[in-house]
Every structure is written in structure tokens, then in C-alpha cells.
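The structure appears right after this line, and notes come after that.
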Amino acid sequence: MRTRLARLYQKGDLRIETAAVAAPGPGEVLLKMAAAGICGSDLHYYQDGGFGPVRVREPIIPGHEASGTVSQAGEGVDLKTGTLVAVNPSQPCGRCEYCEKNMPIHCLEMRFMGSAMRLPHEQGMFREWLVVPAKQCFAVGAATTAAEAACSEPLSVCLHAASRAGDITGKRVLVTGAGPIGALMVAVASYHGASEIVVTDLADAALDRAKAMGASRTINVSKDAPALAEYEAGKGYFDLVFECSAAAPAIRGAIAAIRPRGTIVQVGVTGDVPIPLNAIVGKELQLHGTQRFHEEFGTAVELIASRKIDVRPIISHSLPLEEATAAFTLAGDRAAACKVQLTF
């Protein structure tokens with residue numbers, strides 16, 4: 001048996017190829033993939049050859065947010081054929097120092113599908129057929145579409161970011177950057193009881209989606225920067241910031257608009273960015289990093305299945321695997337697209 005797949009060789013060089021597929025072994029399942037979203041990291045691999053110190057150093061199959069249908073189950077697996085599942089791309093070792101301390105996100109031997117952090121790279125899910133450990137597969141509700149199920153991974157990222165913020169109930173929240181993660185962050189903040197959610201971005205289309213996800217107010221800072229500046233009065237207004245852009249101007253604006261002893265959760269990822277340390281010190285701000293997720297994946301699947309968080313507004317385009325290059329180009333156009341998914 002062979003599968004079609006998309007493999008990235010270097011910046012801008014994405015090819016549709018075929019490869020052999022093995023039968024599932026004990027504890028494994030063979031999935032007929034259904035939908036897979038293009039993440040910001042996938043886009044960085046394609047557009048720039050990587051992000052920060054993470055570079056594509058050998059051919060890699062991207063893709064780490066996906067859903068598929070069980071086609072064949074290996075020995076000891078109780079997932080039924082035909083079951084639609086969301087696939088958790090995270091594979092901590094369970095044995096290292098951090099796994100033993102119940103910090104599997106920081107596993108020293110983490111294998112994360114579609115990631116170029118390790119060498120050899122961990123191959124991802126932009127392929128028609130995939131064999132994966134059954135423990136990474138989460139059955140979704142009968143009313144959940146494959147496209148929705150494939151959003152479980154990015155929603156997990158946002159749920160973990162929220163856990164780094166502490167209690168959100170009643171908080172005045174600023175979300176900077178309204179891409180897919182920023183839009184989902186709005187939904188998560190709303191789900192956790194934020195009293196007000198203001199969202200900033202440079203694109204009206206992205207801000208419109210943020211409104212659909214529950215934003216109280218949106219500000220296009222390229223057209224109306226003073227609207228954000230009004231929140232700087234009295235040493236700042238917001239209790240909590242989810243910084244999802246990784247853009248230096250957005251980070252500076254967030255620091256100016258947050259109140260003393262407020263919390264900033266840095267969700268967006270990039271290389272080195274200058275930040276005003278004097279303001280962080282002077283306001284006694286709490287700055288938290290956030291990376292990936294662990295137990296939040298199952299929670300994300302449940303929230304999507306129940307539509308307590310409705311991810312449908314962020315899904316803007318679906319293209320077949322054969323049009324992967326066009327899909328990546330589209331995903332890079334923030335005025336036209338939000339979450340672009342490949343279908344199989």
C-alpha cells in the first residue's frame with residue numbers, strides 16, 4: 001500500500017510524492033486522513049525555511065493538526081473501524097526527568113509530529129494514510145466534522161496558554177494578533193469568563209473573525225493606533241494580555257496598555273525581539289511563556305464536540321492535497337484566509 005503526501009525539501013520547495021505505508025502493529029491504527037490544518041510553524045517552514053533557531057535541515061512532511069478515520073486497528077486496540085478521530089501529535093517519552101515531574105511538555109526526548117526541532121525531523125500528517133499509536137487518537141462526537149476535529153490541536157495550544165494565565169473570570173483581556181491562534185484565544189478567554197476582550201491586528205478580515213469568536217471590541221492598529229493608546233491612561237487598563245503576534249510593536253503596545261501587576265502570556269513565537277524591560281520592571285508585570293499542551297488535547301476535543309467552543313468561524317478554506325502549494329500560498333495571505341486545511 002502507498003500513500004500520497006506533501007514533503008518540504010527547503011524553503012518554497014513543496015512536492016507531492018508517494019511512499020509505502022506499513023500495516024498497523026500492536027497498539028497502532030491505520031488512519032485514512034480527512035483534514036489537516038496549515039499552522040503558523042508549517043507556514044514559516046515553507047516561507048522562510050524555519051523560525052528562530054528551528055530550521056528545515058532535511059526533507060520533512062509538515063502537518064501536526066489533523067483528523068482521520070480509523071481504517072484498520074492493530075492488536076490490542078479498541079477503536080472501531082470508521083471512527084473519526086483527532087490526532088494528538090505530541091509524543092513525550094514518559095521516562096525523562098520532566099516526564100517524571102509531570103511536565104511532559106518539556107520532555108527531553110519529545111517527538112512532535114511535523115517538527116523540525118529534532119534531527120532526524122519528526123514527520124507530520126500531510127498525507128493520505130498514516131499509521132499512528134492508538135493512544136494519540138481521540139474519538140470525536142458524531143456531529144463533529146473532520147474540519148472541526150482537526151482544530152483540536154490549535155485549540156489545545158490556547159487552552160494551555162489560558163492555564164498559564166491563572167483565573168480569567170471577570171478579567172479585562174487584550175489579545176494581540178487575530179490569526180487562527182489569536183481568534184481561538186478569544187474563544188477560550190470568553191469560555192473562561194473574561195468580562196471584556198479587546199483584539200488588535202493589522203487586517204480587517206482577521207478582526208472580523210475575532211468578532212465572530214467573541215471579541216468585545218476590535219482595533220485595526222494600522223488605521224487607528226490611538227484607539228489602543230487610550231487604554232494606556234492611568235498606567236494601563238487590561239488585567240491580562242495574550243500576545244499572539246510575536247511582533248515587537250504589538251508587544252510594546254501590550255506592555256503600555258496593561259495595568260501594574262498584570263499578566264502577559266506570550267503565545268506567539270519568533271526569533272529575538274527587543275522589549276522594554278524598564279516597563280516590565282516598573283509595572284511589576286508577570287510575563288509567562290507558553291508552549292504546546294498535554295492534557296488539554298482531550299479537553300479541546302470535548303469542547304469542540306459539544307460546541308461550547310465553536311471553531312467553525314476560523315476555518316476559511318479547504319483544498320485537496322494535490323493543491324498543497326496553492327494552500328500554503330493562500331495561508332500566507334491574511335487578508336484572504338484564516339485556517340487553511342488540506343483534505344484527503
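- The side-chain contact (heavy atoms from CB on, under 4.5 Å) test applied to R164 returns H160, V265, H288, T290, not counting sequence neighbours.
- With respect to the salt-bridge test (charged N to carboxylate O, under 4.0 angstrom), the residues R259 and D239 qualify.
- Side-chain atoms of D333 do not come within 3.5 Å of backbone N or O of L330 as any donor-acceptor pair.
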With side-chain hydrogen bond (donor to acceptor under 3.5 Å, both in side chains) as the test, would you mind laying out the steps for D167 and T169 before giving the verdict?
CA-CA 6 Å; D167 186 12; T169 306; 3.0 Å; yes
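- In this structure, Q136 and M113 have side chains that are in contact, with non-hydrogen atoms separated by less than 4.5 Å.
- Of the possible polar contacts, one joining the R95 side chain to the C93 backbone as a donor-acceptor pair under 3.5 Å is found.
- Judged as a salt bridge (charged side-chain N to carboxylate O under 4.0 Å, His left out), the pairs with a partner in residues 106-122 (not counting sequence neighbours) are, in order, E109-R118, R111-E122, R118-E122.
- Residues meeting the ring pair (Phe, Tyr, Trp, His ring centres under 6.0 Å) test with H64, sequence neighbours left out: F112.
- Scanning all heavy atoms of the two residues, the minimum distance from V21 to R2 falls at CG2-C, 4.1 Å.
- With values rounded to the nearest 0.5 angstrom, Q266 atom CD is found 7.0 Å from L287 atom CG.
- A search for side-chain hydrogen bond (donor to acceptor under 3.5 Å, both in side chains) contacts involving S245 returns E243, not counting sequence neighbours.
- Residues forming a side-chain contact (heavy atoms from CB on, under 4.5 Å) with N220 (at least two apart in sequence, or on another chain): D204, L207, S222, K223.
- Heavy-atom minimum distance, Q341 versus A147: NE2-O, 3.0 Å.
- Of the possible donor and acceptor atoms, one in the side chain of E58 sits under 3.5 Å from a partner among the backbone N and O of H121.
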Go through the steps for V85 and V70 under the test side-chain contact (heavy atoms from CB on, under 4.5 Å), then give the verdict.
CA-CA 7 Å; V85 299; V70 177; 4.2 Å; yes
Does Q123 form a side-chain contact (heavy atoms from CB on, under 4.5 Å) with I60? I'd like the steps, not just the answer.
CA-CA 6 Å; Q123 301 303 311; I60 183 173; 4.1 Å; yes
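- No donor-acceptor pair closer than 3.5 Å links the side chain of E65 to the backbone N or O of C151.
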Could you pull out all donor-acceptor pairs under 3.5 Å where a side-chain atom in residues 186-197 meets a protein atom, sequence neighbours excluded?
{"residue": "S195", "atom": "OG", "partner": "G170", "partner atom": "O", "Å": "3.0"}
{"residue": "S195", "atom": "OG", "partner": "K171", "partner atom": "O", "Å": "3.2"}
{"residue": "E196", "atom": "OE1", "partner": "Y237", "partner atom": "OH", "Å": "2.5"}

Could you walk me through whether L303 and L159 pass side-chain contact (heavy atoms from CB on, under 4.5 Å), step by step?
CA-CA 10 Å; L303 290 172; L159 290 170; 4.0 Å; yes
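- Here the side chains of F126 and D42 are in contact, with some heavy-atom distance below 4.5 Å.
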Would Y231 and L174 count as a side-chain contact (heavy atoms from CB on, under 4.5 Å) if you check the C-alpha gap in whole Å, the side-chain angles of each, and the deciding distance to 0.1 Å?
CA-CA 10 Å; Y231 291 104; L174 173 65; over 6 Å; no
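- Between the side chain of S316 and the main chain of A337, no donor-acceptor pair closer than 3.5 Å is present.
- Taking a 6.0 Å sphere around CD of E75, one finds it holds 12 or fewer heavy atoms contributed by other residues, nucleotides or ligands.
- Of all the heavy atoms in A149 and T144, the pair that sits closest is N-CG2, 3.9 Å.
- For the pair L240/I168, a side-chain contact is recorded, criterion being any heavy-atom separation below 4.5 Å from C-beta on.
- By the 4.5 Å heavy-atom criterion applied to side chains, F242 and I181 are not counted as neighbours.
- Taking every heavy atom of both residues into account, K80 and T83 meet most closely at O-OG1, 2.8 Å.
- Nearest heavy-atom pair across A116 and V54 is C-CG1, 3.8 Å.
- You'll find the side chain of K339 stays beyond 4.5 Å of the side chain of L184, heavy atoms only.
- Summarising the hydrophobic clusters (Ile, Leu, Val, Met, Phe, Trp, Tyr; side-chain heavy atoms under 4.5 Å, direct or chained), the residues clustered with M103 are Y98, L108.
- Among all heavy-atom pairs drawn from P104 and P92, the shortest one is O-CB, 3.8 Å.
- Counting only heavy atoms from C-beta outward, the side chains of P154 and P180 never approach each other to under 4.5 Å.
- With E17 contributing its side chain and R7 its backbone, the two residues share no donor-acceptor pair below 3.5 Å.
- Pairs passing the ring-ring contact (aromatic ring centres under 6.0 Å, His included) check and including a residue from residues 300-328, sequence neighbours excluded, read Y46-F328.
- Listed by chain and number, the residues in a side-chain contact (heavy atoms from CB on, under 4.5 Å) with I16 are A6, L321, A324 (sequence neighbours excluded).
- Pairs of residues two or more places apart, or lying in two chains, that qualify as salt bridge (charged side-chain N to carboxylate O under 4.0 Å, His left out) and include a residue from residues 274-295 are R261-E284.
- Side-chain atoms of D201 come within 3.5 Å of backbone N or O of A178 as a donor-acceptor pair.
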Show me the side-chain donor-acceptor pairs of residues 28-38 shorter than 3.5 Å, one per line, residues at least two apart or across chains.
{"residue": "E28", "atom": "OE1", "partner": "G25", "partner atom": "N", "Å": "2.7"}
{"residue": "K32", "atom": "NZ", "partner": "F344", "partner atom": "O", "Å": "2.2"}

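- The ring-ring contact (aromatic ring centres under 6.0 Å, His included) pairs that include a residue from residues 137-157 are F138-F297, where partners are two or more places apart or lie in different chains.
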